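Report on the structure given below.
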Amino acid sequence: MTKFAYFEGAIRPIEEAKISVMNQTLNYGTGCFGGLRGYWNDDQQQLYVFRIVDHFRRFLDSAKLLLAKLPYTPEQLAGITVELLRAEGWKENCYIRPLAYKADNTIGVRLHNLQDEVAIFSTAAGTYQWADRGCRVCTSSWRRVDDTAIPARGKLTGAYMNSSLIKSEAALAGYDDAIVLNQDGHVAEGSAANFMMVRNGALITPPATENILEGITRRTIMQLAAEELDLRVIERPIDRSELYLADEAFFCGTGAQVTPIAEVDHRPLGNGEVGPITRQVRDLYFSIVYGQQPRFGHWVTAIHQQPVAT
Ligand code: PMP
């Protein structure tokens with residue numbers, strides 16, 4: 001159970017971290033957030049947080065889209081998170097949620113001339129079960145929010161109405177998740193994860209201009225695929241019908257980690273098993289996030305009695 005939150009400038013008991021029903025962001029969806037994972041390495045008795053400073057960089061970028069003025073550097077927010085996690089003392093995997101919100105309790109829709117606040121809390125995340133089979137997905141009947149309406153590259157609370165519509169439609173129709181197309185009809189991403197597919201040995205993913213969230217896991221996997229796995233990595237628009245012809249596909253994200261996709265719109269991909277490239281990417285990713293790859297030590301921050309990695 002969560003015991004603490006960073007709230008109104010200090011680490012406090014979680015019961016004290018409360019906002020009013022009159023809160024601006026609760027009413028208008030004008031906040032932004034982040035999502036980080038802490039991985040508990042039992043052999044080392046150590047909790048590792050993956051790419052903590054990079055997550056807070058994106059968090060502050062999202063805040064910028066909201067005209068939020070937050071008096072923190074990414075390194076300061078990382079430092080607060082380390083302190084919070086030390087107080088919390090998780091000895092299991094955890095999920096960390098930073099949230100920036102408009103703190104005023106007033107009516108009147110806008111982004112400017114409001115007080116911005118940051119809150120951070122963490123929850124237990126449980127151990128990831130290896131999926132022997134990938135997930136079954138459909139193409140959503142919803143379209144991804146467009147940059148001309150709500151910027152998808154920011155992790156904005158209001159934009160998750162779009163993700164929620166996509167996820168619930170898919171789940172209530174019996175699928176595990178959905179792939180959502182953008183206004184141009186190209187593949188954008190999953191409800192809350194980026195999309196990658198393998199065709200003819202190359203790893204293909206939509207570019208940042210296709211109304212996707214600029215995922216940190218996406219960036220990580222693109223680098224690992226090119227530099228460690230010697231794969232050709234291609235950023236280009238993907239048509240819906242190409243999904244059906246992919247040899248392999250997977251979602252990637254902090255929450256999704258590396259989630260293989262077995263089937264899209266009732267078409268099995270490859271032989272329906274987790275493909276060899278997906279497996280390679282997944283194994284490498286997990287060994288890094290658990291702090292088992294010293295070469296990638298700069299991507300993980302050890303929470304207990306260690307300096308904060310940048
Ligand atoms: N797209 C969306 C819509 C998401 O919510 C997420 C999860 N943050 C991602 C992609 C993956 O981003 P990341 O790898 O930075 O967690």
Side-chain angles (χ1 to χ4, degrees), residues 29 31-39 49-63 65 74 77-78 81 93-100 120 122-123 125 128 135 137 140 142-147 149-170 176-183 186-197 203 205-225 233 235 238 249-259 261 281-282 284-286 288-289 299-300:
C32 68
F33 62 103
L36 300 80
R37 268 189 194 261
Y39 288 91
V49 178
F50 188 58
R51 301 193 74 162
I52 190 167
V53 171
D54 293 321
H55 272 278
F56 281 114
R57 279 201 188 104
R58 185 184 61 198
F59 178 69
L60 292 178
D61 281 351
S62 295
L65 299 175
L77 291 168
T81 302
N93 292 351
C94 64
Y95 183 84
I96 303 131
R97 166 57 48 85
L99 175 68
I120 310 175
S122 62
T123 62
Y128 183 71
C135 59
V137 306
S140 181
W142 296 98
R143 292 292 170 106
R144 186 78 179 116
V145 284
D146 192 82
D147 194 58
I150 300 178
R153 67 169 39 75
K155 215 167 156 52
L156 311 178
T157 58
Y160 279 78
M161 179 62 199
N162 184 232
S163 295
S164 303
L165 288 166
I166 295 160
K167 177 72 184 192
S168 285
E169 181 190 52
D176 298 307
D177 209 325
I179 290 168
V180 62
L181 308 178
N182 61 25
Q183 299 297 323
H186 294 141
V187 171
E189 54 187 327
S191 62
N194 289 114
F195 174 82
M196 298 202 175
M197 70 176 190
L203 191 66
T205 195
T209 46
E210 292 279 1
N211 289 316
I212 64 168
L213 183 78
E214 297 179 358
I216 289 156
T217 318
R218 172 182 176 275
R219 195 168 1 128
T220 300
I221 289 174
M222 286 169 68
Q223 184 180 335
L224 292 176
V233 178
E235 279 180 278
I238 298 174
F250 58 88
F251 289 126
C252 63
T254 301
Q257 304 176 104
V258 177
T259 300
I261 299 171
V281 167
R282 186 176 75 173
L284 181 57
Y285 180 76
F286 275 97
I288 292 171
V289 296
W299 274 349
V300 289

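For ligands, and for the atoms within them, numbers begin at 1 and follow the listed sequence. In what follows, residues are counted from 1 in the order of the sequence shown. What you see is a predicted model, and the numbers here were worked out from it, not measured in a lab.
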Closest protein heavy atom (residue, atom, distance) for [atom]:
{"atom": "atom 6 (C) of ligand 1", "result": "A192 O, 3.3 Å"}
{"atom": "atom 16 (O) of ligand 1", "result": "T254 OG1, 2.6 Å"}
{"atom": "atom 14 (O) of ligand 1", "result": "T217 OG1, 2.5 Å"}
{"atom": "atom 1 (N) of ligand 1", "result": "E189 OE1, 2.5 Å"}

**Prompt:** Taking C-beta and beyond as the side chain, do N194 and I212 meet within less than 4.5 Å on heavy atoms?
**Reply:** yes

**Asked** Taking the side chain as C-beta and beyond, is there a heavy-atom pair between N162 and I150 under 4.5 Å?
**Response** no

**Prompt:** Is there a heavy atom of G35 sitting under 4.0 angstrom from any atom of ligand 1?
**Reply:** no

**Message:** Please determine whether any non-hydrogen atom of R144 lies less than 4.0 Å from an atom of ligand 1.
**Reply:** yes

**Message:** Given 3.5 Å as the limit, does a donor-acceptor pair link the side chain of N211 with the main chain of A152, or not?
**Reply:** no

Would you say [X] has any N or O atom under 3.5 Å from an N or O of ligand 1, going by distance alone?
{"X": "I216", "value": "yes"}
{"X": "R58", "value": "yes"}
{"X": "K155", "value": "yes"}

**Item:** R219 and ligand 1 - part of the residue with a heavy-atom distance under 4.0 Å
**Value:** neither

**Prompt:** For ligand 1, which part of S191 has a heavy atom less than 4.0 Å away: the side chain, the backbone, both, or neither?
**Reply:** backbone

Residue [X] vicinity, atoms of ligand 1 by number, heavy atom under 4.0 Å:
{"X": "L213", "answer": "1 (N), 2 (C), 4 (C), 6 (C), 8 (N), 9 (C), 10 (C), 12 (O)"}
{"X": "Y160", "answer": "2 (C), 3 (C), 4 (C), 5 (O)"}
{"X": "G215", "answer": "12 (O), 13 (P), 14 (O), 15 (O)"}

**Prompt:** Do you know the tightest heavy-atom contact between I238 and F195?
**Reply:** CD1-CE2, 4.0 Å

**Message:** For a quick test of reading the model, state the closest non-hydrogen atom pair linking G35 to H55 and the distance between them.
**Reply:** O-CE1, 3.0 Å

**Message:** Any salt bridge linking D54 with R57? Criterion: basic side-chain nitrogen under 4.0 Å from a carboxylate oxygen.
**Reply:** yes

**From Y160 atom OH to C32 atom SG, the distance as rounded to the nearest 0.5 Å** = 10.5 Å

**Prompt:** Hey, what do you get for CD (E214) to NZ (K155), rounding to the nearest 0.5 Å?
**Reply:** 13.0 Å

**Message:** Is it the case that the side chains of N93 and R37 hold a donor-acceptor pair, with the cut-off being a distance below 3.5 Å and no angle test?
**Reply:** no

